[in-house]
Amino acid sequence: MIKLETPSSFSIAHPHSLYFAGIKKTFITLLILFCGINLSAQKLERIEPMFWFTGMHNPALQLIVHGENIASSTVSLTYPGVKLVKVNKVENPNYLFLDLTIASTAKAGKFPINFTVNGKKLLNYTYELKNRDKSEGRIQGVTQKDFIYLLMPDRFSNGDKSNDVVKGLTETTLNRDSMYYRHGGDLQGVINHLDYLKDLGITTVWMTPEIENDMPKASYHGYAVTDHYKIDPRYGTNELFKKYVETAHAKGMKVIKDIVHNHIGTGHWFYKDLPMKSWVHQWPKYTQTSYRDQTVMDTHASQADRKKMLDGWFVPSMPDLDEQNPYVQNYLTQNHIWWIEYAGIDGLRLDTYPYNDPAYMADWALKLKAEFPNLSIFGETFVSGVANQAYFTQGNTVNRGFNTHLPGITDMAVKEGIYEALNGKNGWTDGVNRLYDVIAHDFLYQDPTQNCIALDNHDMSRFYSVVNEDFDKYKMGMSILLTMRGIPQMYYGTEILMKNFSNPDGLVRSDFPGGWIGDKKDKFIAKGRTSKENEAFNFVKTLANYRKNSVSLQTGKLMQFVPEDDVYVYFRYNENAKGTVMVAVNNTEKEKTLNTDRFAERTNGITIAKNVISGESQSIKEIKVPAKTTLVLELN
């Protein structure tokens, strides 16, 4: 709780923003008469971050102060270990940026930040420093050991009907019959089904952004933030989000938070009253990004093309932040640090990574890793080709000229390779050979195991539809996903064969059946699913839970062999550990027989293999791979 006080000890308590709108006119009159202060000229709306933490690696903290004509105030504070270094005034007199340093000796506690005019105290804001949370199991990081489940909270489960419609927000329509209105899903709904996810074999949950999107339409997707420090009230509260993370941790699961550096929503409080013109990218007339990532990496690109890609707005409702502005940099970086420390999340997914300012993003990554060494980070790179993806990853491996410090990316090239292996016709560079070729380009990455691999997500056609609802291909793809190098991610409902195409996007964002009271079918339970859906669920569950206990799949290397006779074979293994996993992909309509002599590097001395799905054992001297099958074998 944060307290805002006047000289007469009158206070307003509010969990997030502090407003003076409720002060009675009579009280204002008394202040004017007895204190001689023109209160109509100054008004404190909010200070962010609302509180901070002791013991941070970086002692610097910049507070953004917003209020009517607040720049006319003089600011002071006194607290052991905390120093007000500078008060920054900017173009808009409704803002101040306060530069503080917090010494390593500073203790947790509260202290007033005083705002005075002509030497008379006008306002005082009680700021708080909290101790960092050193509890075990927080900020663990997400690695190749994990299996990520991506969901959209508005479309997964409604656990609290009381927050379906929130008065005062711009969008108050609730309509499950439309893909573009709110449906009512929330954080409590996700908490209620964590056991379902754990049983399925999921180790990590990633939700599309949960923070406030107070936009007039399509606000459910979460990528047009209007308040960086507030969970959208239709999902719950900041406290409930923290409870969600803690509940997941208690069940042995992890949490990824989806964040957006590049843009905001036009409903954002600071867009409505910009601190300065350079807070967002300004153009003589509206200019949209070209979406051409090549301009960022092309040594022959024009500066005009590069600027349009990086500085153009994503869409008219999403203003593009100017990340070369140091105040914007501080605001975003501190916000992300705040959420990680506050809630204890384990990893971050960075939306629209290629559209961000490269130098800032590298600096951002360094600052976050300095505070949270175990934190995992991967960036969304919705681009074409392995080299285009690798360009954005850490290590300067493709001669970019500097280190991005970005550990991993969303590996679209692997997705395309898997689709080609499932749907394509085998040729020198097609079919299974395409997937082989993609993996052969792993030399472009410093560490490809930190890439997030997936078959679909909220922006793509659903996997089951892309393979034309061919259940054999479905099982083939899921087998590759859960045995390939990298961190596998599955989109919600894939385990029960949810389908549709992404034109328009809303069609792939339908509700999980059973997530709402009154749903005709509850597919969270076996009896609510069809026999084919149960077969799919159990197939994923078997592989995912096997993966939880397979050292080779969690930490092992990958060795692949050139496809022969249209069969692609790769191994996951540890040199000094048992349980090598052999994967054989046969995308043809005919059964294939493998002579394993050519795989002697990995099979030497091994005579028996166990089918991970069926549990049956067989000799590996000669292996029969059924038509349209990805065979997953454990060698012992």
Side-chain angles (χ1 to χ4, degrees), residues 141-144 146 148 256 261-262 289-301 305-306 309-310 347-366 368-369 375-421 429 433-457 459-460 480-481 484-489 555-560 568 570 572:
V142 178
T143 70
Q144 200 171 216
D146 293 300
I148 302 169
I256 287 173
H261 291 80
N262 181 68
T289 178
S290 64
Y291 308 105
R292 291 285 189 175
D293 62 282
Q294 297 93 334
T295 62
V296 180
M297 60 195 74
D298 181 9
T299 57
H300 312 292
D305 282 349
R306 191 171 188 272
M309 161 65 188
L310 292 174
L348 298 176
R349 180 262 191 184
L350 317 182
D351 182 65
T352 52
Y353 186 86
Y355 299 84
N356 292 287
D357 181 76
Y360 164 62
M361 293 305 293
D363 179 71
W364 172 90
L366 285 174
L368 264 73
K369 293 294 281 186
L375 181 75
S376 295
I377 302 168
F378 63 94
E380 180 204 21
T381 50
F382 213 139
V383 297
S384 299
V386 181
N388 293 44
Q389 293 179 167
Y391 183 82
F392 296 103
T393 58
Q394 66 186 15
N396 193 29
T397 58
V398 292
N399 196 35
R400 181 170 185 175
F402 77 99
N403 191 340
T404 66
H405 300 287
L406 179 67
I409 44 82
T410 52
D411 203 330
M412 300 296 176
V414 164
K415 176 193 71 85
E416 293 298 328
I418 294 174
Y419 277 155
E420 177 63 20
T429 57
N433 287 288
R434 179 82 57 82
L435 179 55
Y436 164 79
D437 181 68
V438 169
I439 300 303
H441 280 80
D442 272 358
F443 67 89
L444 292 171
Y445 304 107
Q446 188 176 85
D447 184 4
T449 70
Q450 297 196 62
N451 289 353
C452 179
I453 60 174
L455 298 172
D456 59 9
N457 63 27
D459 292 321
M460 303 177 192
I480 296 171
L481 178 70
M484 183 54 70
R485 62 95 179 119
I487 308 169
Q489 169 250 302
T555 63
K557 299 177 181 178
L558 185 148
M559 180 180 288
Q560 64 174 350
Y568 170 47
Y570 61 92
R572 298 293 306 281

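For residues 399-419, the pairs satisfying salt bridge (Lys or Arg N to Asp or Glu O under 4.0 Å) are Asp411-Arg485, with sequence neighbours left out.
Every residue meeting the salt bridge (Lys or Arg N to Asp or Glu O under 4.0 Å) condition with Asp459, not counting sequence neighbours, appears here in chain and number order: Arg509. Take Asp456 and apply the salt bridge (Lys or Arg N to Asp or Glu O under 4.0 Å) test, not counting sequence neighbours, and it matches no residue. Evaluation of the salt bridge (Lys or Arg N to Asp or Glu O under 4.0 Å) rule for Asp357 yields no partner, not counting sequence neighbours. Not counting sequence neighbours, Asp305 has no partner by the salt bridge (Lys or Arg N to Asp or Glu O under 4.0 Å) test. Every residue meeting the side chain to side chain contact (heavy atoms under 4.5 Å, CB included) condition with Phe443, not counting sequence neighbours, appears here in chain and number order: His441.
Of all the heavy atoms in Tyr291 and Met309, the pair that sits closest is C-SD, 3.9 Å. Contact between Gln450 and Pro407 at its shortest, heavy atoms only, is OE1-CB, 3.1 Å. Nearest heavy atom pair, residue Thr352 against residue Glu380, reads N-OE1, 2.7 Å. Contact between Ala454 and Gln489 at its shortest, heavy atoms only, is CB-OE1, 3.2 Å. Minimum heavy-atom separation, Met412 to Val383: CB-O, 3.9 Å. Heavy-atom minimum distance, Ile256 versus Arg349: CG2-N, 3.8 Å.
Using a distance-only test at 3.5 Å, with no hydrogens or angles considered, no donor-acceptor pair links the side chain of Gln144 to the main chain of Ile487. For the pair Ser376 (side chain) and Val142 (backbone), a donor-acceptor distance under 3.5 Å is present. Side chain of Asn403 to backbone of Gly395: a donor-acceptor contact under 3.5 angstrom is found. The main-chain N or O of Leu444 is found under 3.5 Å from a side-chain atom of Thr397 such that the two form a donor-acceptor pair. Put simply, the side chain of Thr404 gets close to the backbone of Thr393: a donor and an acceptor are under 3.5 Å apart. Side-chain atoms of Tyr436 never come within 3.5 Å of backbone atoms of Gly417 as a donor-acceptor pair (strictly under, hydrogens ignored).
Each of Leu310, Thr295, Thr381 was compared with Pro354 under the side chain to side chain contact (heavy atoms under 4.5 Å, CB included) criterion, and only Thr381 meets it.
For the 3.5 Å distance criterion, the side chains of Gln389 and Tyr445 qualify, holding a donor opposite an acceptor.
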